[in-house]
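Notes follow the structure.
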Amino acid sequence: MNIDINEIPINYQANEVEKEIYDLWEKNECFKADADSNKPHFSMVIPPPNVTGVLHMGHALDGTLQDILVRYHRMAGFETLWVPGTDHAGIATQNVVEKKLREKNLTRFDLGREKFVETVWEWANEHKSAILNQFKRLGASFDRSRERFTLDEGCSNAVKEVFVSLYNKGLIYKGAYIVNWCPRCRSAISDIETEYKTEQGHMWEICYPLKDKVGAIVVATTRPETMFGDVAIAVNPNDYKYKDLVGETVIIPLTNKEIPIIADEYVDSSFGTGAVKITPAHDPNDYEVAKRHNLKPVWVMDEDAKMLDIDVIPESIRGLSREEARKETVGLLKLNNALLDITDHEHNVGHCQRCGTTIEPYLSEQWFVKMKPLAEKAIAAVKNGELNFIPERWTKIYLDWMENVRDWCISRQLWWGHQIPAYYHNETGEMVVAKENPDPAHYTQDSDVLDTWFSSGLWPFSTMGWPNKESKDFKKFFPTSVLVTGFDIIFFWVARMVNMSYEFTGKSPFKNVYIHGLIRDEHGQKMSKSKNNTIDPVGIIDKYGCDALRYTLTSMCTYGGQDIKISDDKFEYGRNFANKIWNASRFVMMNLDGMDENEIDRSSLTIADKWILQKLSDVTADVRSNMENFRIGEYANQVYDFFWGSYCDRYVELAKIQLNNPEQKLNTQRVLWYVLERSLRLLHPIMPHITEKIWQLIPFKVYKDGQKFLMKCDFPTANQYKYSTEVAQMDKTIEAIKAIRNLRQSLNVPAGSQITLNIYGDKELFEQTQAFLKRMVRVENMTISSETINELPPQSASCVVGDTKFVVPLAGIIDIEKEKERQNKKIEKLAKEKTSLEGRISNDNFVKNAPKEVIDTTKARIAELAEQIEAIEELKKSL
RNA sequence: GGGCGUUUAGCUCAGUUGGUAGAGCGCUUCCCUUACAAGGAAGAUGUCGGGAGUUCGAGCCUCUCAACGCCCACCA
């Protein structure tokens, strides 16, 4: 073993190491999956980030958790594939490019469709690799050779295949319906892309005069500007107030248009005035009412939400925006004494998820997917266990949505995306839905594109080569094993993938959906650019290192998937841990001199050796079980506790003593290395770079299974040790060490001064561990006796651990009062516990009902406490 | 209107089947002990949101109240 420790810096240099190690993996194609492998498969597809996106903390968390799963399963013996890729992100990307154009005072219409799409492609290609390269900085071990894009040839082909098939099955239809219209995007958006916000508005009461009778009917509305599109006034059929008015005709104020008063169950007679204006072209409920009464809709706004230039609208209002039109309408109504009342009214208003613009419910011709038939299998999937949500509570959310799902508006009036494969005959208008244009000379393709989630809904199988069912990847890696994502896209994405996958492959696209929390800032606010509270993961990586980022994020993940609040300094936690790993490894490396390649000699293990081996085995078993159950945060914390708390703080310190013993040295080296090496494997999925780097530093590494890379080594399995006795003994020794250190510190025994320790009690054990005691508490002389002692020699301090008393003569140092105080405090503490336990044991019902083990442990503990208290009391007396 | 989540140490949060509370940061004291001061050692700190119930025993189960947050629905 020849390692020049001087070459290894004291502080872990994350940035240098991480780049070097990632390059090493890439160069050696370590992430490449083999579709011909005989090993069982583990596969995942990345939730494709927006092609023009920038890595944010959400990606960092999502990517880290995926990479942990991938690396774990790769080590655990699975043929593992993680497919990377990006999403063309229809509206989002188009918006970005349009914004760029606006800077040049251009709109997409100035460029025309073809040129515009070309510009977006350029933009996308330019940014395409950027975000995945940022994922590389996270250490993502995805297979770049299989990188995909939702708008690439394969995905586009899958989209066409699916669209045509659904259309032929009658599951896609075209029709005129009220949709959520974003006048800024100039497109329809789906229900779930509409976000409702409570807004303070007004309720206007407008008087509609009767045509043939004296009087009027008063209607309450929040949107007076739509009154020109009214086609009726509706009242509840059972409303006695209006019984006589049903069938009458009223005149829309400011116009001379006549509309009927109709009766419809939809109207709630207790709300407002009990009379509702019906505007079918601009309100979803009104549209339904109008349909029932065969009333033709009247549009009053165009696609930009500007008032139309039509006769029924007063001239001064034509061409105005919605907002201006409202003001103007209200003004005119006032002038004409048609406005009865204005009240404040809080109501929910829909906004475009992408740009925040107020949504206009708008009647237009769109394409829809019939969801009910698709939902059936998706509902069955979770009920029969083919699909699981982790944590389980998301199952209910998913089911509620699926069971009440409404048809999905999939057409978007955008240019960037998959153009709908429907073709219209230029003369007859006849429509053909097909993968290719039947006759480009005579047919023109539908100008709409598909909702971006349509193509991402196919992602788990379109990336595997589907619709080619002979594709090796599809056969080997589909269905995928786990999908990792945040709860915010369960409806947008997860649900759609399940729908589509069942319809086209007959299978659930993944076995498990692991839902993690969202990243928030330190105040619990969602991170957003507009709030200026984002933390840039790349900045964190630069400052603290990638493994530090990964460790901190992982350790904060709870099984329940709570949101995670972070601030910059939280990453010190991970960085410090990385440095601890680094330095513990340095220590081991500088002490491997003379070690051989033989296995640990089990026959000459010390108590300390057995203690750490048993703990390693236990933590290994726990880690495996936690990984199987998606308790990834717990896994992180357990390895941390083991490595830092048991290995570094205890075993390494004990090993230093053993290394000085020529008889123990070699085997201690073996144990030190063995435990470190296993720890590196345990840690690798979370902290891949540092662990791989250390592995690469040690020429010794190949002796186990000949793996060149740690990331390809087997994940450890628990051993079958039976060292519980030694663990208890070592724990007792550690407790003694702590008690004596406590004594030293509270009596202000100077660090330099040597002390003598007299031990009375468990001679057998403390003879074995005396070297540890001596060194760990800096004892000069030590006596060990199996006798007991009840009276202290003059000027001595003492402590009791289990059945053993430790006496330290401290002539000239000890402050008797202080020692008394210390002993009293200790007694008080023990007595408190004893009283509590005695209370329990004296309760007949407890004795009657509690399990025997509990009663026995309680009794034993009371006896132990009593003994200790007595022992301390005795010793205190002689102070 | 319906549903979900949260409430535990000064701060941020863990706490898997009910057995009497933990971590990190911060704080106090000591230590640059030949892996690590991004460190080591020893400590202090909690009527586990309020109330009631089940139980021998509740942070954990039931009910209820409160506060905060989120999702879905959307009566003009």
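Note that these values count all heavy atoms, side chains included, but never hydrogens, waters or copies made by symmetry. The chains referred to below are lettered A, B, ... by the order of the sequence lines, with proteins before strands, and numbering in each begins at 1.
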Check: Hey, is the side chain of A/N11 pairing donor to acceptor with the base of B/rA38 inside 3.5 Å?
Finding: yes
Margin query: Check this for me, if you would: do A/D547 and A/R575 make a salt bridge, where the nitrogen-to-carboxylate-oxygen distance has to be below 4.0 angstrom?
Written below: no
Check: When all nucleic acid strands are considered with a 4.0 Å heavy-atom cut-off, which category describes A/D649: base, sugar-phosphate, or nothing?
Finding: sugar-phosphate
Note to self: Under 4.0 Å, heavy atoms only, any strand: does A/R586 hit a base, just the sugar-phosphate, or nothing?
What the structure shows: sugar-phosphate
Check: How would you label the contact of A/R840 with the nucleic acid (heavy atoms, under 4.0 Å): base, sugar-phosphate, or nothing?
Finding: base
Check: What nucleotide, of B/rA35, B/rG3, B/rA76, holds the atom closest to the side chain of A/F271?
Finding: B/rA76
Checklist line | Side-chain donor/acceptor contact of A/K848 with base of B/rC56 under 3.5 Å | finding: no
Note to self: From the set B/rA14, B/rC13, B/rC75, return the single nucleotide nearest to any side-chain atom of A/Q562.
What the structure shows: B/rA14
Checklist line | Donor-acceptor pair present, A/E653 side chain and B/rA35 base, under 3.5 Å | finding: yes
Next item on the list: Tell me whether the centres of the aromatic rings in A/Y398 and A/F389 are closer together than 6.0 Å.
Entry: yes
Margin query: Between the base of B/rC36 and the side chain of A/N579, is there a donor and acceptor pair under 3.5 angstrom?
Written below: no
Check: Contact class for A/Y196 (heavy atom, under 4.0 Å): base, sugar-phosphate, or nothing?
Finding: base
Notebook entry, point to check: Looking at the rings of A/Y12 and A/Y544, which for Trp means the six-membered one, are their centres under 6.0 Å apart?
Noted result: no
Note to self: Apply ring pair (Phe, Tyr, Trp, His ring centres under 6.0 Å) to residues A/Y559 and A/F630 and explain how you reach the verdict.
What the structure shows: CA-CA 7 Å; A/Y559 182 66; A/F630 296 94; 8.5 Å; no
